[in-house]
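Taking it in order: structure first as structure tokens, then the write-up.
In what follows, chains carry the letters A, B, and so on, assigned in the order in which the sequence lines appear, proteins first and then strands, with residues in each chain numbered from 1. Predicted model only: the values in this text are computed from it and were never measured.
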Amino acid sequence: MNALSEIKYRFGQVLKEMVEDASDLLEMIRPAQDSKFGDYQANCAMPMKNLVGKSPRQIADEIISKLQIDDLCQSVEVAGPGFINLTLDDNWLKAKLTDSLQDPRLGIKPVQTPGTYVVDFSSPNVAKPMHVGHIRSTLIGDALSRTLRFVGHEVVTDNHLGDWGTQFGMIIYGYKHFVDKEAYANNSVEELGRLYKLVRQIMDYHTAVAKLPALHEQLTQQQNLLLELEANQPTGDKAIDKKLKKDIGRLKSKITEQEEQIAELESKIETIDRNQDQHARALKHKNIGTDVLNETAKLHSDDTENLALWNEFLPFCREDIKQIYDQLNIEFDYELGESFYHSRLAGVVDSLNEKGLSRESEGAICVFMDNYETPMIIRKKDGAFLYATTDLATIQYRVEKWQPTAILYVVDHRQHQHFEKLFDAARLWGHDDVEMTHVSFGTVLGDDGRPFKTRSGDTVGLQGLLDEAVQRAAQLSGELNSAMNEETLTEISKVVGIGGLKYADLSQNRSSDYKFSYEKMLALKGNTSTYLQYSYARVQGILRKGDVDIETLRSQPVAFRFEKEIERKLAVNLIRFGETLDEVLVDYKPNLLTTYLFDLAQTFSVFFENCPVLKSEDDHLKRSRLQLCDLTARTIEVGLSLLGIDVVEKM
RNA sequence: GCCCCGAUAGCUCAGCUGGAUAGAGCAACUGACUUCUAAUCAGUAGGUCGCAGGUUCGAAUCCUGCUCGGGGUGCCA
């Protein structure tokens, strides 16, 4: 039991005598905001004023008089309007640290009631290159899975691949028309990638050519409309004038958007026109758009040839994305993509129909629900199924197979409404005893605050980003460690570069939008994983230099001593690791862990400056400090590992 | 139109679901490497928490209205 939950428990014993339901009040016990208030503070006395009818300070006094907490806290005081400030007992703290020192799990007990968590994350479309848009789901999902597992839950990670969509129609079409047999034999993954891009280009070209005139016309209309609106004189009626101003503003931004879109399409056309071969090829494949859809449709209706091609391509596509996952050191227990559920979709619709939950409307099969204006469509009027159908089938399968306590969907916030509907529908369907949570996160934006694109209108490829991260780390490592051998430097660069990238993402509150910047993603100083890795490496440096036998240090501990204030502060920080993990899992927020670790490392840095370990006044103090060092390093190591980030011994 | 999300230091963002004097990092400025790793540390400067009301002992946090931005909104995922 960690300090916070122990304190809450003790307060609970008292509060249950005073109020009916103490649970909200217990949530008001938290780490002290300022160390001058002690280590923890209870803010529950103030709101109890109305429940109990005494002054908050009287209530606080009453709580304290009944509280049995002497073994845990050396001081409990009322302050200000009725805060209860708690300071942990040094002996308790030391005993706790000693436990952690001897425990590979750092004193963190597995949860008492383990659940089964299915974590659905990453889920890229295979056969398309992965880009920055995939990074958040992948990293957040991985970090949450690792954390859930560490605290003792059963975790099933499942990569719900997009492996059944139009992109396969595209590469099937590409393969049938453009394949370079030799290249395909030599490097299938690369050739398939080339085919995808090629078909994409030609399709975009034709779409652009077809859409452009209409867009131009629309633009002209909008510009004319703008002139008209701007010609209006103020009427003097505030409401009308305001609306006019608003309309003009909207129209202007719409026009800008339109102009950008036109520019983008024109550049796509130009790319093809510039190259004679490409141009000729594009002209030859005028109907590529519908043809690709046909190839997709044939695949979905089990056409033998296309199905065979799909079966042939899929392993290559998986190999392709696996390369990225390997670099990120991410693994999945399952990769049950959309195709896996293909055969179950009709059954889903039948089942919903039978239960009277869905019905036909305008030719489509829809689930209508209270609270929603629009229905969830599970079968289109042309008979095809949608992702809602697949998602329902997936829920059904997961519940049958794993009987999970919770299914977590790590997916960006734009799909929020979809998941709300999905979960409601699933509950109506009978899956009402499983927690279903949309762990949503913000969009990756560019400098302009719009969804991120490069100047050419493409997204930033993930592979390029990883390479750049490792390369920047390599450069800095080389500068700082000229004496190190090549192999070590390569290892460090990988760990530091990839770690930095992951940390940059995970340290951000997942719900806010994400403004992409190379500087931020690849930063190697300040609040970064590098800082934590550096702290770890510094400890290892001390242990090396002091020729410390780590096994003895851990198995034969000496009593901890807090000679300076900072040592105690470090100690308090160390024992908070467990409660931090609890916090992370309340709302599935990995950034609470990065904040904790950064804080711990900062505290360690102060300790490092002020407490020479190897030159301590006496041997006992030296041992005590070495123990603090070891605990710090291990907490950082384990904490980072839960974020999917590695450490190195030297850097 | 309707529905969601957001607006905090020059920049990028935290802020633990209502607590005590609003915090980091970057950028800027001043200092610290013959010392256990300077990928670091100590310090300075930087704020009308979008605006206006309200709720109460107490509001960046909750409510209402407004402004601005993003997203979603019946057959894409």
Nearest-angstrom distance from the residue atom [atom1] of [X] to [atom2] of [N]:
X	N	atom1	atom2	answer
A:Phe604	B:C41	CZ	P	11 Å
A:Tyr596	B:A24	OH	C1'	18 Å
A:Asp391	B:A77	CG	C1'	9 Å
A:Lys49	B:G19	NZ	P	16 Å
A:Gln417	B:C5	CD	P	10 Å
A:Gln415	B:G72	CD	C1'	11 Å
A:Asp412	B:C4	CG	C1'	13 Å
A:Phe168	B:A77	CZ	P	15 Å

Which heavy atom of A:Ser123 sits nearest a heavy atom of A:Asn159, and at what distance?
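That would be N-OD1, 2.8 Å.
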Which pair of heavy atoms, one from A:Phe83 and one from A:Asn43, lies closest together, and at what distance?
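Closest approach of A:Phe83 to A:Asn43, heavy atoms only: CD2-OD1, 3.1 Å.
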Step by step, work out the ring pair (Phe, Tyr, Trp, His ring centres under 6.0 Å) result for A:Tyr40 and A:Phe11.
CA-CA 12 Å; A:Tyr40 291 88; A:Phe11 269 79; over 10 Å; no
[atom1] atom, [N] versus [M]: distance in rounded Å?
N	M	atom1	result
B:A60	B:C13	C1'	14 Å
B:G10	B:G72	C1'	33 Å
B:C5	B:C63	P	10 Å
B:A45	B:G25	C1'	16 Å
B:A14	B:U56	P	32 Å
B:U37	B:G47	P	40 Å
B:G65	B:U55	C1'	15 Å
B:U8	B:G23	C1'	10 Å

So what does [X] touch, heavy atoms closer than 4.0 Å: a base, only the sugar-phosphate, or nothing?
X	value
A:Ala79	base
A:Pro47	base
A:Gln602	sugar-phosphate
A:Asn85	base

Where along nucleotides 7-16 of chain B does protein come under 4.0 Å, by heavy atom, of base (B) or sugar-phosphate alone (S), with - for untouched nucleotides?
-----SSSSB
Any chance you could list the contact pattern along nucleotides 34-39 of chain B? Use B for base contacts, S for sugar-phosphate-only contacts and - for none, protein heavy atoms under 4.0 Å, 5' to 3'.
--BBSB
Would A:Tyr372 and A:Asp424 count as having a side-chain donor-acceptor pair, cut-off 3.5 Å?
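A:Asp424 and A:Tyr372 do have a side-chain donor-acceptor pair below 3.5 Å.
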Hey, are [X] and [Y] close enough for a salt bridge, meaning a charged N less than 4.0 Å from a carboxylate O?
X	Y	value
A:Glu579	A:Arg576	yes
A:Asp619	A:Arg623	no
A:Glu567	A:Arg625	yes
A:Asp412	A:Arg414	yes

Got a sec: does the CD of A:Glu373 have more than 12 other heavy atoms crowding it under 6.0 Å?
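No, CD of A:Glu373 has 12 or fewer neighbouring heavy atoms, counting only those of other groups under 6.0 Å.
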Please check if atom NZ in A:Lys494 has more than 12 non-hydrogen atoms from other residues, nucleotides or ligands closer than 6.0 Å.
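Atom NZ in A:Lys494 is not crowded, with 12 or fewer foreign heavy atoms closer than 6.0 Å.
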Going by a 90° cut-off around 0, is B:U17 syn or anti?
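Glycosidic conformation of B:U17: syn.
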For B:C49, does the O4'-C1'-N9-C4 (purine) or O4'-C1'-N1-C2 (pyrimidine) torsion place it in syn, i.e. within 90° of 0, or in anti?
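Anti, since the glycosidic angle lies more than 90° from 0.
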If [N] has a Watson-Crick or G-U wobble mate with both distances under 3.5 Å, name it; if not, just say none.
N	answer
B:G25	B:C11
B:C36	none
B:C62	B:G54
B:A45	none
B:G6	B:C68
B:G1	B:U73

Quick one: are the ring centres of A:Tyr387 and A:His160 less than 6.0 Å apart?
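No - the distance between ring centres of A:Tyr387 and A:His160 does not fall below the 6.0 Å cut-off.
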Does A:Val606 or A:Asn125 map to a spot on RNA chain B nearer the 5' end, using the closest nucleotide for each?
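The residue whose closest nucleotide sits nearer the 5' end is A:Val606.
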Selected nucleotide, minimal atom distance to A:Pro81 side chain, candidates B:G19, B:G72, B:A77:
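Nearest to the side chain of A:Pro81 among the choices is B:G19.
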For [X], give me all partners under side-chain hydrogen bond (donor to acceptor under 3.5 Å, both in side chains), at least two apart in sequence or on another chain.
X	value
A:Glu649	A:Tyr536
A:Asp582	A:Asn2
A:Tyr503	A:Asn527

Review item, nucleotides 74-76 of chain B N/O atoms under 3.5 Å of protein N/O:
from	atom 1	to	atom 2	distance (Å)
B:G74	N1	A:Ser361	OG	3.1
B:G74	N2	A:Ser361	O	3.2
B:G74	N2	A:Ser361	OG	2.9
B:C75	O2	A:Lys381	N	2.9
B:C75	N4	A:Glu362	O	2.8
B:C76	OP2	A:Lys380	NZ	2.4

